[in-house]
Amino acid sequence: MCGIFGCVLRNGPVVPQILDGLGRLEYRGYDSTGVAVIDNGVLQIRKDAGKIKDVVIRLKINEMKGSIGMGHTRWATHGAPNMINAHPHTDSSGRIAVIHNGVIENFMELKQELLDKGHNFISKTDTEVIPNLIEEEMKSDIGLTEATLRALRRLKGSYAIVVLSSLEPDKIVCARMESPLVLGVSDEGTYCASDAPAIRPYTNKVIYLRNGELATLDVNGYKIVKVSDGSSIERVPEQITWSLEMSEKQDFPHYMLKEIFEQPTSLRNGLRLQEKYVDLLTMFLDRGKEVFLVSAGTSQHSCIVGSYIFSKIARLTTYPVISSEFIEQYGSTVGIDSIVLAVSQSGETYDTLKAVDHARMRAATVLGLTNTVGSTLTRVSRAYVIQQAGPEIGVAATKTFTGQVLVLAQLALKLAKLRGKLSQDELDEYKESMQKIPGWVETVLEKTYDNVKDLALKYKDDKLFFFLGRGISSATAMEGRLKLLEITYVPSLAYPAGESKHGPISIIQKDTACVFVCPQGETHAEIIGSIMEMKARGASIISICEKGDEAIKRLSDSFIEMPKGIPELLTPIPYIVPLQLLAYELAILKGLDPDQPRNLAKSVTVP
Ligand code: G6P
């Protein structure tokens, strides 16, 4: 999604901070880069399609002066990625510039209205209506803030915007509706950005803007008002507790690898959830007539894992539903007795929030599981829990997947206790196993990385991969496959192994790579049968199995051994780790950047 950074400094130049901020937002995914500054009262804009570093050199952006400005990385929604459509966009007079993340649904009507009034449009974007609407409002002799408020009241859709104008050269106006925007304050100046890590080098004092709020920033601070009626809102800054180092690469070549290796720590943090929130969520889960687990991407795989754990240990039936399908599938039945547990790392995924809105409208109870404090999901949920994984920058989710599963497992365990579904001994055993998870993951990272590297070399030229598992491991297989797809672009399929004979087996040929997730447990005997089916057709078998599992090893061409004694229901956490590493290593061998996969964004905040 687009990245936004704005800042007004006591002493310029502002461009180095803008470029640094945009760099920290690169993970959101983008195709174009643009910067605007006000220098000696004159608005200057440089923008083009391309990566930050290339556009900066090509357009000599480093030479731009001024102590107030903004920058944008665009992820195209309306109009091709090119110079004209890159942000900032201006009004017809060229004095008001806007950067925007989101989608303006009624821009066609607004554009026609503005064209009729004599405004010129040069881009194909929806954004360009915003500076023109502001220009139109400013004709009634009102200031930039008031004109922006009036313009925003005309918009339907989602936005985080920053406005800069040579008409009022000392201030920045910014606002949000659905797309995230966070403010920062320091002695040197005032900032706004799509995400807190962009601001973190300059301050640890941040203010999360909420939907329907506008802020005016100058060197002395910020003033927040409601877009709907212009009334003032008092909000004191919050302290960011994570350090900049926590969101930087440290000694790792990529964020993704750093985040994979951070898992023992993030999982330890995930075991320190605030009890009262876990209890609250458990109480709601217990009360629901039906429980939907709503999410997208990797978060959906956590939900599928969660559905097995809820069913097996708490005897709770849950329905994992892809958020973009939720309204179509269950929109007319969800109601006052339903619980919707929305799972979203960012807490900002458009489809998930839309599903949640719908559920709330129909009086369902919405619960949230997210990694992002202050995110929209936390505000629209009746109760929520923060998974405590720390910022995740790599587009492919890794530590947040394992963290989500760990939280869901803790919820299931609490619920099992509340419902009396497990004996005290069983409860104690699960609890003890959960405490061991970070250590198991540590062992996996230590003991398997070299084997995974060999595996990647062996299979680097394969054109197709299958990922198969039974029971809860079918979800591990799906997540392993998603990692591979996201960052290596190698076509791949994932299926519950039992289903593979109903179609997918037809494309197995000699040496097709089949990755089997096969922990010990209830599904072990069945997965052996599935491996034999594939082997009989010439497939090359790669197994993730327990240490010393000779039956599986004998059938496999390659295998990765996992620690002994992990209860099957908790295996998705350690067993996904070698698959995360495999995807990473294959991406590196192919010369791809795993942190910035093509066409993908960390957080999809548009429909
Ligand atoms: C995007 C990301 C995925 C993520 C999904 C859901 O597609 O690239 O990594 O799993 O969004 O994001 P959420 O923040 O809702 O978990």
Side-chain angles (χ1 to χ4, degrees), residues 1-3 25-30 75 77 101 158 178-180 194-197 254-256 259-260 266 292-306 320-326 340-357 366-378 380-381 384-405 407-408 475 478-489 494 576 579-580 583-584 587 593-607:
M1 298 298 94
C2 305
L25 295 168
E26 271 192 314
Y27 68 89
R28 296 170 67 84
Y30 71 106
W75 192 78
T77 57
N101 171 24
S158 59
E178 292 183 24
S179 304
S194 302
D195 205 353
H254 296 96
Y255 284 112
M256 182 179 176
E259 287 156 5
I260 292 173
S266 57
F292 297 105
L293 305 175
V294 176
S295 53
T298 287
S299 299
Q300 174 63 195
H301 296 149
S302 308
C303 290
I304 299 174
V305 171
V321 191
I322 290 175
S323 49
S324 57
E325 289 298 317
F326 179 74
V340 170
L341 172 55
V343 179
S344 170
Q345 184 283 129
S346 60
E348 301 290 351
T349 297
Y350 178 89
D351 289 328
T352 304
L353 294 177
K354 198 165 170 220
V356 156
D357 268 359
V366 171
L367 308 176
L369 164 53
T370 179
N371 192 32
T372 314
V373 181
S375 61
T376 305
L377 182 59
T378 61
V380 297
S381 301
Y384 65 87
V385 62
I386 301 287
Q387 63 172 105
Q388 308 295 358
E392 186 176 70
I393 308 294
V395 167
T398 51
K399 64 174 178 169
T400 57
F401 170 75
T402 49
Q404 286 169 347
V405 171
V407 174
L408 293 169
M478 284 178 209
E479 176 58 11
R481 178 257 187 161
L482 181 61
K483 291 307 95 174
L484 188 80
L485 204 61
E486 282 176 310
I487 64 169
T488 71
Y489 322 138
I576 193 61
L579 299 182
Q580 295 169 339
Y584 175 83
D593 179 352
D595 284 341
Q596 285 183 53
R598 72 178 180 217
N599 300 337
L600 298 180
K602 180 72 185 157
S603 170
V604 181
T605 52
V606 293

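Just follow the structure's listing: the first ligand is 1, and inside any ligand the first atom is 1. In this text the structure is predicted, and so the values were computed from the model without any measurement.
Residue contact check: T298 has heavy atoms under 4.0 Å from atoms 10 (O) of ligand 1. Atoms of ligand 1 lying under 4.0 Å from at least one heavy atom of E486, given by number and element, are 9 (O). Atom numbering of ligand 1 starts at 1 in the shown order; those under 4.0 Å from a heavy atom of V395 are 8 (O), 9 (O).
Atom 11 (O) of ligand 1 has as its closest protein heavy atom K602 O, 3.8 Å. Atom 16 (O) of ligand 1 has its closest protein heavy atom at S299 OG, 2.6 Å. Counting protein heavy atoms only, atom 12 (O) of ligand 1 is closest to T349 OG1, 3.3 Å.
Residue contacts with ligand 1, taken as heavy atom pairs separated by less than 4.0 Å, do not involve S295 at all.
With a 4.5 Å cut-off on side-chain heavy atoms, H301 and Q404 do not count as touching. At least one side-chain heavy atom of E259 sits less than 4.5 Å from a side-chain heavy atom of I393. V385 has its side chain within reach of V407: a pair of non-hydrogen atoms, C-beta onward, lies under 4.5 Å apart. Considering only heavy atoms from C-beta on, T605 stays 4.5 Å or farther from T349 through its side chain.
Considering backbone and side-chain atoms together, A601 places an N or O closer than 3.5 Å to an N or O of ligand 1. On a distance-only criterion, S603 and ligand 1 share no N/O pair closer than 3.5 Å. The shortest N or O to N or O distance between T352 and ligand 1 is not under 3.5 Å.
Aromatic pair Y584/H254: centroids less than 6.0 angstrom apart.
Here atom 14 (O) of ligand 1 lies nearest to S346 when heavy atoms of S346, A296, G297 are compared.
Taken to the nearest 0.5 Å, the CZ atom of F401 stands 9.5 Å off from the OG atom of S299. Atom CG of residue L408 and atom CD1 of residue I304 lie 12.0 Å apart, to the nearest 0.5 angstrom.
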Exercise for review: Starting from the C-alpha separation in whole Å, work towards a yes-or-no answer on side-chain hydrogen bond (donor to acceptor under 3.5 Å, both in side chains) for E479 and T298.
Suggested key: CA-CA 6 Å; E479 176 58 11; T298 287; 3.2 Å; yes
